[in-house]
Each structure stands twice: as structure tokens, then as C-alpha cells.
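Below you'll find the structure, written out as C-alpha cells, and then a few comments.
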Amino acid sequence: MKSDGIKDLERRIEDMRQHMYQTYLENPGDPRLVIISQKLDQLLNELWALKNSNE
């Protein structure tokens, strides 16, 4: 069973993916896409670290 921390992080990752996708659909040249992508990368790195610390 996944811990609450992992589930919460996965939800935040999915929310950020949706935000990035919606921003792209509205304006593919939006400079905020880089910032959103960086935040998504950070969340993915946190998830990777959390999962590896639980092994």
C-alpha cells in the first residue's frame, strides 16, 4: 500500500501535468511553460527520492 506522502505527491504531479498541458493548449509559446516544466521535474525528482528512500 502506498503511503499518504507518495499518493499526495503523485496527485500533485498529475495536477501539474494537467496545468502544463492546458497552458500549452492555450498558448504553445507561453514562457510560463518552462517554469511549469521545471516545477514538474522537481516534483518527479521528489517522488523518485521518496520511493527510493522507502526501499
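Side chains included, hydrogens not; waters and symmetry mates left out as well; all remaining heavy atoms used.
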- Side chain of Thr23, backbone of His19: donor and acceptor closer than 3.5 Å?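 A pair under 3.5 Å: yes.
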- Query: Is there a path from Leu40 to Leu50 through hydrophobic residues (I, L, V, M, F, W, Y) whose side chains come within less than 4.5 Å of each other?
  - Reply: yes
- Examine Leu9 and Leu44 and state if one hydrophobic cluster contains both, with Ile, Leu, Val, Met, Phe, Trp and Tyr joined whenever side-chain heavy atoms are less than 4.5 Å apart. yes
- Query: Which atom pair, heavy atoms only, marks the closest approach of Met20 to Leu33?
  - Reply: O-CD2, 3.5 Å
- Shortest non-hydrogen contact between Arg11 and Asp8, atoms and distance: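 Scanning both residues completely, I find the closest heavy atoms to be NH2-OD1, 2.7 Å.
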- Query: Side-chain contact, heavy-atom cut-off 4.5 Å: Tyr24 with Asp30?
  - Reply: no
- Give the C-alpha distance, both sets of side-chain angles, the deciding distance and a yes or no for salt bridge (charged side-chain N to carboxylate O under 4.0 Å, His left out) between Glu46 and Lys51. CA-CA 9 Å; Glu46 287 178 34; Lys51 284 184 172 182; over 6 Å; no
Rounded to the nearest 0.5 Å, what separation is found between the [atom1] atom of [X] and the [atom2] atom of [Y]?
X	Y	atom1	atom2	answer
Gln22	Ile36	CD	CD1	10.5 Å
Asn45	Asp41	CG	CG	6.5 Å
Arg32	Ser37	CZ	OG	14.0 Å
Leu43	Gln38	CG	CD	12.0 Å

- Candidate pair Ile6 and Ser3, rule side chain to side chain contact (heavy atoms under 4.5 Å, CB included), full reasoning: CA-CA 5 Å; Ile6 290 175; Ser3 73; 3.5 Å; yes
- Message: Tell me every residue that passes salt bridge (charged side-chain N to carboxylate O under 4.0 Å, His left out) with Arg17, counting only those two or more places apart in sequence or in another chain.
- Response: Glu14
- Query: Can we say Asp15 and Arg12 salt-bridge, meaning some charged N sits less than 4.0 Å from an Asp/Glu carboxylate O?
  - Reply: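 Looking at Asp15 and Arg12, the cut-off is not met.
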